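Every chain is numbered from 1, with letters handed out A, B, ... down the list of sequences. These numbers come from a predicted model, not from an experiment.
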There are 2 protein chains.
Amino acid sequence: MKNLPHKTIERLSQYRRALLLCHAKGMTYIYSHEIAKIQHITAVQVRRDIMLIGYTGTLRKGYNVKELIDLIGQIIDSKEGINVCVVGIGNLGRAITNYFSGKRTKLSIVAVFDVDKGKVGKKYHGIECFDLADMTKIIKEKKIEIAIMTVPGEDAPMISDMLVKAGIIGMLNYTPKPVNVPKEVYLEEYDMITSLEKVAFFVKTH
Amino acid sequence: MKNLPHKTIERLSQYRRALLLCHAKGMTYIYSHEIAKIQHITAVQVRRDIMLIGYTGTLRKGYNVKELIDLIGQIIDSKEGINVCVVGIGNLGRAITNYFSGKRTKLSIVAVFDVDKGKVGKKYHGIECFDLADMTKIIKEKKIEIAIMTVPGEDAPMISDMLVKAGIIGMLNYTPKPVNVPKEVYLEEYDMITSLEKVAFFVKTH
DNA sequence: AGAAAAATGTTAATTATTTCACAATGTTAA
DNA sequence: TTAACATTGTGAAATAATTAACATTTTTCT
């Protein structure tokens, strides 16, 4: 159970998202091939992932939706809950803040930061915006462990350094500029241009 | 040259992004280990990717930045250029539109769509917003081949179907709801919650 | 000139991920 | 009751991606 493949973790998160919708619709059982269909993958892969987390379905009935949701939660959610901040409350920052609000109990956005004094003090989806200058203090006070960076690319390296010094242990970088963090900090970077270029490449090759 | 690995395509896009910055700074040559450092990968991987596209560096001098940028462009950009639209001009749609404007010559966002009549007719970063009801017509008129969906999750399946019927051949789905498209359409899905959950999981396991 | 150093290019090995193939077994229908 | 069917669970095979190892070459230094 301890050494789950990277890809399995990603998929578990996605399975849960899909399962929550199924649960909301009143489904109590689901087959591996139904999950597979939703996620555009194979049923074998779903079964294998579920096998890896030690859950067992019912033959000919599939998996109990509620039980599977709970088990995935036990695996991928941390017990205590994690506090998250968003740095840069432009369009992307607001999109993310909006998107998360009230979605997960174990991951909470507890602060947003910006340099713009016009934004400081305002609330975004119920979350207060603080001055970037106070970031270190607030991160410590609120015990924030993960930061989502949505600032302009040119500011990313400097802000990344500030975040690391403030004690962040995980970072999600949505700026177009890769940043360097010490190896103790888990970093995930995503660039929309790369995704679009990938789509543009692969539409032409089939 | 034709069967480049998926991952290599992604990295080439990222190398180009980094190389463009280096070029802007006046660098003419770059070593594989310098690119590797920026992208948080190994120098071997960089050299292998570059080998796969058939480029050859200069021993002890590294790669010519300008030449490499151009070659990557020849590989991953389509010759004629591709028109792209953004569907849903909320925070995320605006972030993407902003982000792209004037960045690439071969990929252009030529239209944005929304249901909100208050947005229709307005311009977002120079791109006109059209009524969702006219989407099919505009996609054909403007020869749009790729769509970026940034609508609320519940609208995603219906809009995805409309896009497919309108003749889209590539789709980037940023909604939290997976959609189904025929196999001729290349689909890429990305969910920020999955990324954040992944970070949350891996910060706890090292 | 010769040796040492620092790069690239590439084959081979390794590791990670996915898929195949099929045994096991509960369910349905005749 | 029995046969046909549909589904899970999983070892083994196949495929994909990364890394190691090293030959080669240019540059620099003595």
Counting only heavy atoms not in B:H33, do more than 12 sit closer than 6.0 Å to its NE2 atom? yes
Picking from D:dT24, C:dA24, D:dT18, the nucleotide nearest the side-chain atoms of B:K7 would be D:dT18
The side chain of A:V44 lies closest to which of these nucleotides: D:dT24, D:dA17, D:dT10? D:dT10
Starting at CD of B:Q45 and ending at P of C:dT15, how long is that distance when rounded to a whole Å? 16 Å
Atom-to-atom span, NZ of B:K37 to P of C:dA7 - whole angstrom: 14 Å
Is there side-chain contact between A:I41 and A:R11, with at least one heavy-atom pair below 4.5 Å? yes
Rounded to whole Å, how long is the line connecting atom CG of B:D49 with atom C1' of C:dT10? 14 Å
What pairs of residues pass the side chain to side chain donor-acceptor pair (under 3.5 Å) test when at least one of them lies in residues 132-155 of chain A, not counting sequence neighbours? A:E145-B:K204
Tell me the interatomic distance from B:I30, atom CD1, to C:dA6, atom P, rounded to whole angstroms. 19 Å
Distance, rounded to the nearest Å, where A:M51 contributes CE and C:dT19 contributes C1': 13 Å
Out of D:dG9, C:dT11, D:dT18, minimum distance to the side chain of A:T56 belongs to D:dG9
Side-chain N,O (B:Y29) to OP1/OP2 (C:dT8) below 4.0 Å: no
State which of D:dA17, C:dT18, C:dT17 makes the closest approach to the side chain of A:H6. C:dT17
From D:dA6, D:dT8, C:dA6, nucleotide with atom closest to A:S32 side chain: D:dT8
Would you indicate whether the side-chain heavy atoms of B:V179 and B:M149 approach each other to under 4.5 Å? yes
For the pair made of CG in B:N3 and P in D:dA16, what is the distance, rounded to whole Å? 10 Å
A:R47 vs C:dT18: side-chain N/O to OP1/OP2 distance below 4.0 Å: no
Donor-acceptor pair under 3.5 Å, A:R48 side chain vs C:dT19 base: yes
For A:K61 and D:dT7, give me the distance from atom NZ to atom C1', rounded to whole Å. 13 Å
Using the side-chain heavy atoms of B:Y63, tell me which of these nucleotides is nearest: D:dG9, C:dG26, C:dG9. C:dG9
Output the rounded distance in Å from CD1 (A:I50) to P (D:dG9). 8 Å
Under a 3.5 Å limit on both distances, the Watson-Crick or wobble mate of D:dC22 is C:dG9
Would you tell me if any nitrogen or oxygen in the side chain of B:T58 comes within less than 4.0 Å of OP1 or OP2 on D:dT26? no
Out of D:dC5, D:dT18, C:dT17, whichever nucleotide has its closest atom nearest the side chain of A:R60: D:dC5
Nearest of C:dA24, C:dA7, D:dA17 to any side-chain atom of A:L59? C:dA24
Base, sugar-phosphate or nothing for A:T8? Non-hydrogen atoms, less than 4.0 Å. nothing
Taking atom NZ as the centre, does B:K119 end up with more than 12 heavy-atom neighbours from other residues, nucleotides or ligands that are less than 6.0 angstrom away? yes
Any chance the rings of B:H6 and A:F202 have centres within less than 6.0 Å? yes
